[in-house]
Amino acid sequence: MSNRYDTIFEEIENKILELIVKAKVLDELVDIRNKYLSKKGEFSVLMNKIREVEDKKAFGESYNLARKKIETRLSEKIAEFQKFALNEQLKSQMIDITLPGINQESGKMNPFFKVKREIEDIFIGMGYTVENGPEVDSDRYVFELLNIPKDHPARDMQDTLYIDDNLLLRSHTSSVQAHVMEKAKGKPIKIICPGKTFRRDDDDMTHSHQFAQVEGLVIDKNINLGNLKATLELFAKKMFSKDAKIRFRSSYFPFTEPSVEVDVSCFACKGKGCSVCKGSGWIEILGAGMVHPNVLKMSGYDPEIYSGYAFGIGIERVAMLRYGIDDIRRFYQSDIRFIEEFNKKVED
Ligand code: FA5
């Protein structure tokens, strides 16, 4: 409702409303608010005139009406600018979801390591713990404490690289046996030790000068050859197939007595005979035997009380059988195509 005081505010009100219309950026609106509506702003101070007027109520109403109009218009315009700024920001930050993403290549596992882990898992499941041993070791651990004295002909089969007269790259993981026995101080043992081994062997499809073995060693009272056979049979069934069979062929290792070579029934022909098993139906995977009494004695175990078995599995050979790999050298060539073959997803 209009009253006689409206004209006092009309001129300044129109001026401010025009300034608001003309404002191009948010900062201009802020300046208008400060200049006219702050405590000592040009519009606010008009209220002081109330002291001089007769009808203070009508004056106040008139002032409030004009102020409300200005404030409403100012807030609307501020909201418009803020909306516009937000839209601009959203536009500039828009993500085009149709663009192709950046692929993160993930590492792939060499089948050697897959099989190494599987072997470890199988034996851990049977209660074995995993030990480590030095790759550079002394003659004493690699040979002497395994009942292979100097000049023993068995050394010829495991010739390797010597660092000096005493230190050498271990030619088999059996070298950890005496280390573990020393640490156990006459207590029962049930360990496996996976690791690198080195020999002077010429490289061909099934031999490498550097390869890996998993040593197994169990020492306790009443351990017998039947325990060894049951353990290795379970290993073969878990690693190859539930129908896998194993057989023991008598062999010779200076540190085991009796000693055996262990064959697994051919996974390709199920024992009938094929090119993979060279017609025999069997494939050799490891050497094993009952720990020789001399080895027990040298490491502080009384062979009258304790007995034990040991085995040494060639990891690459098991991986070759498991995946039908024809050449051992493929494991070491870092050919990504070879590695990817063993990491394909079902839908690939
Ligand atoms: C030994 O090394 C014994 N230390 C195994 C052993 C342990 C016997 C405990 C008794 C008790 P042998 O030399 O046969 O045995 O090797 C064991 C396995 O290592 C072989 O069956 C084969 O799988 C693998 N192997 C041997 N030489 C090579 C090579 N040059 N390249 C790849 N794998 C090999």
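Computed from heavy atoms alone, side chains included, the values below leave out hydrogens, waters and symmetry copies. Whatever order the structure lists them in is the order used to number ligands and atoms, beginning at 1.
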Side chain, backbone, both or neither: I285 near ligand 1, heavy atoms under 4.0 Å: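 Under 4.0 Å from ligand 1, I285 contributes backbone atoms alone.
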T206 contact mode with ligand 1 (heavy-atom cut-off under 4.0 Å):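 It is the backbone that gets close, since no side chain atom is under 4.0 Å.
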query: So is H207 polar-close to ligand 1, meaning N/O to N/O under 3.5 Å?
result: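 No, since none of the N or O atoms of H207 sits under 3.5 Å from an N or O of ligand 1.
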- prompt: Purely on distance, is any nitrogen or oxygen of E261 under 3.5 Å from one on ligand 1?
  reply: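 For ligand 1, there is no N or O atom that lies under 3.5 Å from one belonging to E261.
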message: Please confirm whether Q158 approaches ligand 1 to less than 4.0 Å, judged on its heavy atoms.
response: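 Checking ligand 1 against Q158, which is what was asked, there is a heavy-atom contact under 4.0 Å.
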- prompt: Closer than 4.0 angstrom: is that true for some heavy atom of Y309 and an atom of ligand 1?
  reply: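 No; Y309 lies far enough from ligand 1 that no heavy-atom distance drops under 4.0 Å.
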Would a line drawn from the ring center of [X] to the ring center of [Y] be shorter than 6.0 Å?
X	Y	result
F59	F9	yes
F143	F255	no
Y306	Y301	yes
F112	Y332	no

query: Out of H172, M157, R199, M320, who gets a non-hydrogen atom closest to atom 12 (P) of ligand 1?
result: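 Of the listed residues, R199 has the closest heavy atom.
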- prompt: Nearest to atom 8 (C) of ligand 1 by heavy atom, G287, S259, G289: which?
  reply: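 Looking at heavy atoms only, the winner is G287.
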message: Minimum heavy-atom separation for E13 and A66, please, with both atom names.
response: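 Smallest interatomic distance, heavy atoms only, reads OE1-CB, 3.4 Å.
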Measure the distance from [atom] to every protein heavy atom, then report the residue, atom name and distance (to 0.1 Å) of the closest one.
atom	value
atom 19 (O) of ligand 1	Q213 NE2, 3.1 Å
atom 4 (N) of ligand 1	S174 OG, 2.8 Å
atom 23 (O) of ligand 1	R317 CG, 3.2 Å
atom 9 (C) of ligand 1	E215 OE2, 3.3 Å
atom 21 (O) of ligand 1	E284 OE2, 3.4 Å

- prompt: Are any of the side-chain heavy atoms of L146 and F253 separated by less than 4.5 Å?
  reply: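 Not in contact.
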- request: Let me know which of I219, V291, T129, D220 forms a side chain to side chain contact (heavy atoms under 4.5 Å, CB included) with I189.
  value: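 Checked I219, V291, T129, D220 against I189; only one passes side chain to side chain contact (heavy atoms under 4.5 Å, CB included): I219.
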- prompt: CG/D137 to CZ/R170 distance, rounded to the nearest 0.5 angstrom?
  reply: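 If I round to the nearest 0.5 Å, the distance is 7.5 Å.
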task: Please say whether the positively charged group of K229, taken as NZ for Lys or CZ for Arg, lies over the ring of F248, i.e. under 6.0 angstrom from the six-membered ring centre and within 45 degrees of the axis.
output: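 Checked: cation-pi criterion met.
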field: ligand 1 atoms in contact with L286 (distance to a heavy atom under 4.0 Å)
entry: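 Listed by number with element: 21 (O).
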